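For reference, the structure is listed below as structure tokens.
In this text, all values refer to a predicted model and were calculated from it rather than measured experimentally.
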Amino acid sequence: MAQLPILQFEEKIIETVEQNQVVVIIGETGSGKSTQLSQMLHRRGYTKSGIIGVTQPRRVAAVSVARRVAEELGVHLGEDVGYAIRFEDRTSERTRIKYLTDGVLLRESLSDPELGQYSVIILDEAHERSLNTDTLMGLMKRLIRMRRSNLKVLITSATLDGNKVSKFFFDCPVLTVPGKLYPVEILYSNERPKSYIESCLKTAIDIHTKEPEGDVLIFMTGQDDIEKLVSKLEEKVYSLEEGSCMDAIILPLHGSLPPELQVRVFSRPPPNCRRFIAATNIAETSLTVDGVVYVIDSGYVKQRQYNPSTGMYSLNVVQISKVQANQRAGRAGRTRPGKCYRMYTSMDYQEELLDVTVPEIQRSSLAGSVLYLKSLDLPDIDILRFDFLDPPTSESLEDALKQLYLIDAIDENGSITRIGQTMAELPLEPSLSRTLIEANEYGCISQALTVAAMLSAETTLLPGNRKNVDKKRKHRSEDLPDGSGWGDHIQLLQIFELWDQKNYDVNWCKDHDLQVRGMLFVKDVRKQLCQIMQKIAKGSLEVWSFKNQKESQAGYWNLRKALCVGYANQLAERMIHHNGYRTLSFKPQVVQVHPSSVMKPDEEGKFADYIVYHELITTSRPYMRHVCGVQVDWVMPILNKVKNLNVNKLSGGSTDLTRGTIEGNVKNSPKKEDARTTSTLDGHDNKIQAARERFLARRGKK
DNA sequence: GAGCACTGC
């Protein structure tokens with residue numbers, strides 16, 4: 001412990017914290033900042049007047065760091081040192097140092113906006129710029145003014161970002177603490193490779209034949225490329241002349257790999273054997289692989305991006321940032337000096353790569369965040385000018401307001417409604433919280449809770465990889481319920497209800513290729529949601545399943561009705577002669593139902609006239625994932641609302657976004673000024689009108 | 001008829 005670099009800086013750090021309310025700490029990997037900063041401040045008496053809270057972006061980090069600190073102080077975890085993550089609060093009245101995920105701290109500030117119990121708040125790993133950390137930084141800026149005398153804030157960041165954070169916090173001091181990494185030699189490509197898979201492959205073979213022992217970590221973009229590289233590398237390595245070099249093991253590592261295959265990277269290789277690990281950026285921060293001496297960096301990452309004008313997400317392969325490139329390189333220097341081979345030129349590194357990763361707040365839908373901020377009811381703060389380190393575009397904020405208005409979370413003046421206030425208390429995206437509240441009115445809260453919980457776990461649940469399933473046993477997915485023709489929400493409900501009937505037997509999940517961990521997570525989420533809903537409804541809710549089929553059908557009807565209200569911002573209408581849909585709540589887009597959907601066409605081969613969708617995502621084409629058919633009669637009030645939408649009024653009337661003080665807004669949306677005068681939907685008014693006419697015609701037919 | 005990087009309340 002004594003050799004941790006940060007301890008040499010203790011006097012300097014304490015002195016700076018005493019003289020300043022906010023301090024930025026640039027702590028390189030291995031500096032010990034996560035475990036030592038809190039202990040230093042504890043030693044110097046900062047826990048006498050309150051708790052030291054340290055946030056982490058990941059659950060595992062919060063738990064493991066808390067455990068380490070408890071050990072170092074020789075106390076039981078949960079007493080003087082504790083942690084709080086979702087579903088698990090291991091703190092007590094004695095707790096003085098508390099590690100928590102930034103999401104949990106945000107929840108806490110919902111019930112206590114001044115965060116009065118804390119004397120110090122440390123935002124760790126702020127350079128990762130998660131949506132939650134960015135929101136917290138904005139809140140901290142406000143909080144330090146209110147609690148000038150009794151709150152200290154420390155923010156840890158990366159070299160390239162430190163001055164920016166300091167500027168944001170009124171030019172607060174920046175301290176740099178060196179890390180304890182071994183030197184890593186950086187080797188660039190001479191030219192931009194045509195195929196990065198091929199150049200990764202070639203570099204891997206070069207290392208294997210020429211370099212001394214040590215494992216190789218290769219950063220790729222996704223499962224597909226990883227599998228390609230693994231099979232090519234195997235082929236090459238095994239064709240090498242026997243005895244010409246050491247043995248090799250080649251391992252894939254990515255998020256959709258079952259946990260039992262993921263842990264293979266943690267077992268030591270046999271002697272005289274080199275491991276190659278082809279990984280996504282899961283190995284950049286979340287998992288640390290020991291024994292890595294060589295890193296091959298493709299220079300790319302797969303990144304999700306939201307488009308506020310279409311409501312559509314896309315998953316793109318993009319260049320990494322310099323911060324990411326350095327993080328990847330650092331993975332080679334953990335145990336001894338290493339080498340990092342970059343599959344791009346040094347010119348590209350200097351001139352093409354962004355300094356820092358585009359923060360999540362500029363890549364996501366902000367409906368949830370805006371609702372959260374509105375629910376805090378900060379008297380002195382205009383949400384649209386909320387002081388973010390990197391402000392989102394005005395277009396993105398308007399989109400959030402529009403969505404919130406369509407689901408009744410804010411009124412036409414942009415003020416939060418009672419419904420909105422309740423929604424903010426639920427740890428769900430706004431559409432699902434709105435669905436729960438509506439379902440409570442229709443007596444189908446039990447089903448809605450299940451659907452919301454299932455969708456919270458999403459992708460990891462169902463058998464994704466058909467190839468493997470087909471090989472083993474045939475009719476796995478056919479064994480699962482089919483949503484009774486109404487779509488995926490109903491199917492998810494039916495699956496959970498079946499599992500409930502089996503008394504949550506994990507073997508039942510395995511038999512049906514459902515991810516056990518995912519299903520257990522759903523059970524936890526559902527329980528948590530039940531508790532919150534019960535508190536809100538002030539009475540006992542009927543939170544368990546309907547017993548017989550007849551009641552189920554009535555339940556499905558009401559559930560779909562509740563979904564239609566909750567997803568008013570995610571509604572689509574089928575086009576006349578085929579099964580393509582047009583989105584109605586955004587600038588109209590032509591989209592398809594994702595082929596994995598269980599929604600069934602009717603006798604004429606047609607899908608439902610109107611559906612709600614959980615997500616729009618462009619992969620090979622624009623798709624709606626998780627859809628549910630809704631009745632035509634339920635749609636009319638929503639279309640009326642869309643038609644009468646006035647974004648200017650929603651954003652507070654007097655607030656003219658284009659003249660806002662937020663530099664980033666203007667810079668990022670140069671064309672905004674023209675479209676400003678009236679509702680952003682005016683251009684599509686005729687299309688909405690046409691939809692209303694088609695709607696009336698369809699209703700007439702029924 | 002497609003396939004999805006990673007987190008978190």
Assign [X] to base, sugar-phosphate, or nothing according to its heavy-atom contacts below 4.0 angstrom with the strands shown.
| X | answer |
| --- | --- |
| A:Ile85 | sugar-phosphate |
| A:Ser596 | nothing |
| A:Arg86 | base |

Closest approach to the side chain of [X], judged atom by atom: which nucleotide of [options] is it?
| X | options | value |
| --- | --- | --- |
| A:Arg304 | B:dA5, B:dC9, B:dC6 | B:dA5 |
| A:Ile282 | B:dA5, B:dC6, B:dA2 | B:dC6 |
| A:Pro595 | B:dC9, B:dA5, B:dA2 | B:dA2 |
| A:Tyr623 | B:dC6, B:dG1, B:dC9 | B:dG1 |
| A:Ser286 | B:dC9, B:dC4, B:dT7 | B:dT7 |
| A:Thr280 | B:dA5, B:dA2, B:dT7 | B:dA5 |

Quick one: is A:Thr285 getting a side-chain N or O under 4.0 Å of the B:dC6 phosphate, OP1 or OP2? no

Please tell me if A:Arg621 has a side-chain N or O lying less than 4.0 Å from either OP1 or OP2 of B:dA2. yes

From [atom1] of [X] over to [atom2] of [N], roughly how many Å is that when rounded to an integer?
| X | N | atom1 | atom2 | answer |
| --- | --- | --- | --- | --- |
| A:Glu125 | B:dT7 | CD | C1' | 13 Å |
| A:Tyr306 | B:dT7 | OH | C1' | 19 Å |
| A:Glu360 | B:dC6 | CD | P | 14 Å |
| A:Asn132 | B:dC6 | CG | C1' | 14 Å |
| A:Leu529 | B:dG8 | CG | P | 17 Å |
| A:Asp225 | B:dA5 | CG | P | 9 Å |
| A:Gln592 | B:dA2 | CD | C1' | 12 Å |
| A:Leu315 | B:dT7 | CG | P | 14 Å |

What pairs with A:Asp225 under side-chain contact (heavy atoms from CB on, under 4.5 Å), at least two apart in sequence or on another chain? A:Tyr196, A:Ile197, A:Met220, A:Thr221, A:Lys228

Using side-chain contact (heavy atoms from CB on, under 4.5 Å) as the criterion, list what pairs up with A:Thr357, not counting sequence neighbours. A:Gln303, A:Ser321, A:Gln324

Compute whether any side-chain donor of one residue and acceptor of the other, for A:Glu227 and A:Gln223, lie under 3.5 angstrom apart. yes

With a 4.5 Å heavy-atom cut-off, do A:Thr135 and A:Leu373 have their side chains touching? yes

Taking the six-membered ring for Trp, are A:Tyr306 and A:Tyr313 parallel (under 30°), tilted (30 to 60°) or perpendicular (over 60°)? tilted

Contact nearer the 5' end of DNA chain B, comparing A:Asp224 with A:Val104: A:Asp224

